[in-house]
Number of protein chains: 2
Amino acid sequence: MKDVAARAGVGLKTVSRVVNGEPGVTPDTERRVQEAIEFLGFRRNDSARVLRKGRTASVGLVLEDLADPFYGPLSRAVEEVARAHGALLINGSSAEDPDREQELALALCARRVDGLIVIPAGYDHRYLEPEIRAGVATVFVDRPAGRIDADTVLSDNFGGAREGVAHLIAHGHRRIGFVGDHPRIHTAVERLRGYRAALEDAGLDVDERWVALGSTSPDRVRSAVETMLDAPEPVTAVFAGNNRVTVTAVRVLAERDRRTALVGFDDIELADLLGITVIAQDSAALGRTAAERLFRRLDGVNEEPESVTLKTTLIPRGSGELPPAANI
Amino acid sequence: MKDVAARAGVGLKTVSRVVNGEPGVTPDTERRVQEAIEFLGFRRNDSARVLRKGRTASVGLVLEDLADPFYGPLSRAVEEVARAHGALLINGSSAEDPDREQELALALCARRVDGLIVIPAGYDHRYLEPEIRAGVATVFVDRPAGRIDADTVLSDNFGGAREGVAHLIAHGHRRIGFVGDHPRIHTAVERLRGYRAALEDAGLDVDERWVALGSTSPDRVRSAVETMLDAPEPVTAVFAGNNRVTVTAVRVLAERDRRTALVGFDDIELADLLGITVIAQDSAALGRTAAERLFRRLDGVNEEPESVTLKTTLIPRGSGELPPAANI
DNA sequence: TTGAAAGCGCTAACAT
DNA sequence: ATGTTAGCGCTTTCAA
């Protein structure tokens, strides 16, 4: 910038004005400055600008895994909102590791992102308190914040699961398996709660052998489902706790002769062709809502932290409408 | 940092040393500094650090759409490599718009990212020349750079498509449709080239009514496929030019009584269950390779720009092995 | 081992 | 309309 000023024979501030399109420069001077910029291939160094202005026009998003089809649309939605506000988005994947989540979130804070959207991997976010106090707007998505009070955007995991399981019950099922994510994950617990509530609503008992929480790795899900199917009194329907469970469950059920009903939480591509009934959540809406809330905060709105819950949608496609198979 | 120094009763530089784990500080002093840091909730401002050091420890990734399942794993792979090098990743989606690609790439350069990975939307990347000259390492992925010489990592689009079409020919097909992306997109053109080459290898002529390039929107793909199926001499097989085309093609074909063979470029989740034969490319490997190349450059390796091509894999699952249906 | 001073490139505030 | 000065928070250099 100094060089540009020298070459154009003007002061530093004049160049700054031109670069930022500020008023108070004669067209002639502006032209000279533009020429110098062109000639020197100058481009403003935003690092310096940030240092001076205190705002980075960037927001951070800490999620679990960008490669998961659930998070792609979410991230993209956040990006669109950020873009509308002239901000860039820095993503990071925690890989479901609380330490890595913290490391990432703090690294983003050290970069002085203006705001932070976090899909928690951990259960204690007090480490963010100093940052929030220092002015980093923070919104939690998909899972609630741990031990601090903050804006949160969730899906109705409880209600969605309850509706899905009720749907199976309405189609005559009495022995329904639940295969879900690890119990340390909030959504898994909520969905299990919904499962239990639906059974209870119908006056049915839960046999704990029908419930399997744990890793969503194909191996674990496969063995969980197979155990339920091979029991003396096999389940006649399975409720899959998330997209990865559904994918494996569909594979396992497809191998069997006996038709077992299935409802999965989260929609999946091609689920329509496979006739998989799902409880869909709108991950893009989750991201958009969170980002809008974040920027509202950045624009100075100062309300109490608030929790928003987005509705889920039951999409019947066949697998959830199968009647119980005559067993054994 | 000033405040920390004051509170600990030491010089600014000593605090800097402690924060960065540099040697030359007595344990006692270090302890006092640490206490002050703790007390004040100090965290280093990386913006200032960046300004001074000239390196941001961040890389930019400009892709088409983070919500596309093809790019999620690619982005994640880049992130992992970046993480291993202590760098953060800033993603941006160009939405297949050349202007937006440029705007994004230049915004990232203004932030002084150390390196840039670009999945081109445009065909002229000379706008990046000053940046590259100024030291921003740049690697192009998935599609080649336009009008500049730069590192590039591609999939073998030509070879993959040729293999897929040859596979259909080997199963007896003579009238094979090609539905692909817009002809301004490099991969679409390459794959079409592969299609033509396979037909030519077999001594078959191409009827241009079997070729449909254009938008990958469901509507356009649907009508393209339906036209081919409803022609007086309908195609007996369809080669789908990418994941989105495949998804719609599968839907359209599933509505028909006559079984039409299908091979798709790109693997899709649940394609195994639907028995869809595909030419799979490894999007994570694409991202990893590009990122490794980028960091090699950042580590000072100074070779000529190089183009790497990654092999694709034919995965037979049924749809590509159907014989031609007796038509009409 | 420790610290003072200079400066990275920019913008805010205040001249002129 | 234009320029000058100070300073954002850190690291580098060099001296103590």
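Below, chains carry the letters A, B, ... as their sequence lines are ordered, and counting in each starts from 1. These numbers were taken from a predicted model, which means no experiment stands behind them.
- Nearest to the side chain of B/Asn45, among C/dA13, D/dC10, C/dG9, sits D/dC10.
- Counting any heavy atom pair closer than 4.0 Å across all strands shown, B/Lys13 reaches a base atom.
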Could you go through the side-chain hydrogen bond (donor to acceptor under 3.5 Å, both in side chains) check for B/His182 and B/Glu96 one step at a time? CA-CA 11 Å; B/His182 204 283; B/Glu96 206 66 87; over 6 Å; no
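- If you check every strand for non-hydrogen atoms under 4.0 Å, A/Val19 touches nothing.
- Checking D/dT12, D/dT2, D/dC10 against the side-chain heavy atoms of A/Thr26 singles out D/dT2 as nearest.
- Both tests do not hold together for B/Arg184 against B/Tyr123: distance to the six-membered ring centre under 6.0 Å, angle to the ring axis within 45°.
- Nucleic acid contact class of A/Asn20 (heavy atoms, under 4.0 Å, all strands): sugar-phosphate only.
- Of the candidates D/dC10, D/dG9, C/dT2, C/dT2 carries the atom nearest the B/Val25 side chain, counting heavy atoms from C-beta on.
- Within the 4.0 angstrom heavy-atom criterion, base atoms lie near B/Arg17.
- Minimum atom distance to the side chain of A/Thr14 is reached by D/dT2, of the listed C/dT2, D/dT2, D/dG9.
- In the set C/dC10, D/dC10, C/dA13, C/dC10 carries the atom at the smallest distance from any side-chain atom of A/Arg49.
- The A/Arg52 side chain lies nearest to D/dC8 when the options are D/dT12, D/dC8, D/dG9.
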